Engineer: 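Mind having a look at this structure? Questions to follow.
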Amino acid sequence: MKSEPDVFSIDDLERDGETHWDGVRNYQARSMMRDDMKVGDRVLFYPSNATPPGVAGVATVCKEGYPDFTAWDPEDKHFDPKTDPENPRWMMVDVAFEAKLPRFVPLEALRGNPALEGMALLRRGQRLSVQPVSREHFEEVLRMGGLA
DNA sequence: GCCAACGTTGGC
DNA sequence: GCCAACGTTGGC
């Protein structure tokens, strides 16, 4: 899962313990949070638009897909006037802090590791803020970061 | 700041 | 349903 560090960083997650992953307004990402993510699933926390971008830590899903109520709040940056509270369009999950990686793993290092070939994050033009990661790739990233 | 990639919108 | 215009993402 990607987050811009100016908006919400791994340190913010560590401080808060857990958070609503609100504000996602992309159907593919919405569907993954709604359909695929289960309590206990582990998440790589990726600061995007960072210098450098990369994987900073690990979180776990602690609440499964439910309506992103910020979509109905006209004051919210991600307000969507077209979503119907009776039939919510945007969903989110809650995630809990697990760990910071002892060593931050920059995007450049991910790209340089042949074991990560095929990872969705490394595809050209990949903009999805929520993406699947295979077990093998996940464990490889943890190894690179000095965990497990 | 640039720009490639890609999603969304809206006229037809 | 097509597709041009436009907006956003995000690495560099």
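First the proteins, then the strands, lettered A, B, ... as listed; each starts at 1. Only heavy atoms go into these numbers, but all of them, side chains included; no hydrogens, no water, no symmetry mates. Just so it is clear, the model here is predicted, and its values are computed rather than measured.
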Engineer: Let's see if you can work this out: which of B/dG7, C/dC12, B/dT9 has an atom nearest to the side-chain heavy atoms of A/Asn26?
Structural biologist: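 Minimum distance to the A/Asn26 side chain belongs to B/dG7.
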Engineer: Without decimals, in angstroms, what is the distance between A/Leu128 CG and B/dT8 P?
Structural biologist: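 Going from CG in A/Leu128 over to P in B/dT8 covers 10 Å.
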Engineer: Does either side chain, that of A/Arg25 or that of A/Ser129, offer a donor lying less than 3.5 Å from an acceptor on the other one?
Structural biologist: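 Judged by distance alone, the side chains do not pair up.
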Engineer: Step through it carefully: locate the ring centre of A/Phe69, locate the ring centre of A/Trp90, and say whether they are under 6.0 Å apart.
Structural biologist: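 No, the ring of A/Phe69 stays outside the 6.0 Å limit from the ring of A/Trp90, centre to centre.
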Engineer: How many whole angstroms separate atom CG of A/Asn49 from atom P of B/dA4?
Structural biologist: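 Rounding to the nearest Å, CG of A/Asn49 and P of B/dA4 are 17 Å apart.
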Engineer: Can you tell me which nucleotide in C/dG7, C/dG11, B/dT9 comes closest to the side chain of A/Arg127?
Structural biologist: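 Looking only at heavy atoms from C-beta outward on A/Arg127, the closest nucleotide is C/dG7.
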Engineer: Report the nucleotide, chosen from B/dC6, B/dT9, C/dC12, that has the shortest atom-to-atom distance to any side-chain atom of A/Leu107.
Structural biologist: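 The answer is C/dC12, which lies nearest to the side chain.
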Engineer: Give the ring-plane orientation class for A/Trp21 versus A/Phe45, where under 30° counts as parallel, over 60° as perpendicular and anything between as tilted.
Structural biologist: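 A/Trp21 and A/Phe45: perpendicular rings.
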Engineer: Rounding to a whole Å, what distance do you find between A/Tyr27:OH and B/dT9:P?
Structural biologist: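 Distance check: A/Tyr27 OH to B/dT9 P gives 7 Å.
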Engineer: Looking at A/Gln28, does any N or O in its side chain come under 4.0 Å of the phosphate oxygens OP1/OP2 on B/dG7?
Structural biologist: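 Checking A/Gln28 against B/dG7: at least one side-chain N or O falls below 4.0 Å of OP1 or OP2.
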Engineer: Separation of A/Arg30 atom CZ from B/dG7 atom C1', in whole Å?
Structural biologist: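 In whole Å, B/dG7 C1' and A/Arg30 CZ are 14 Å from each other.
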Engineer: A/Gln126 has an atom CD; how far is it from atom P of C/dT9, in whole Å?
Structural biologist: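 Computing the A/Gln126:CD to C/dT9:P distance gives 14 Å.
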Engineer: Starting at atom NE2 of A/His78, determine the distance to atom P of C/dT8, rounded to an integer number of angstrom.
Structural biologist: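 Rounded to the whole Å, the gap is 12 Å.
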Engineer: If you count heavy atoms of other groups shown closer than 6.0 angstrom to CZ of A/Arg15, is the number above 12?
Structural biologist: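 Atom CZ in A/Arg15 is packed in, count exceeds 12.
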Engineer: Whole Å only: how far is the CD atom of A/Glu108 from the P atom of C/dG11?
Structural biologist: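 Distance, rounded to whole Å: 13 Å.
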Engineer: Rounded to whole angstroms, how far apart are CG on A/Leu110 and P on C/dG10?
Structural biologist: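 It works out to 15 Å between those atoms.
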Engineer: Please determine whether a side-chain nitrogen or oxygen atom of A/Lys2 lies at a distance below 4.0 Å from atom OP1 or OP2 of C/dG10.
Structural biologist: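 Answer is yes, contact under 4.0 Å.
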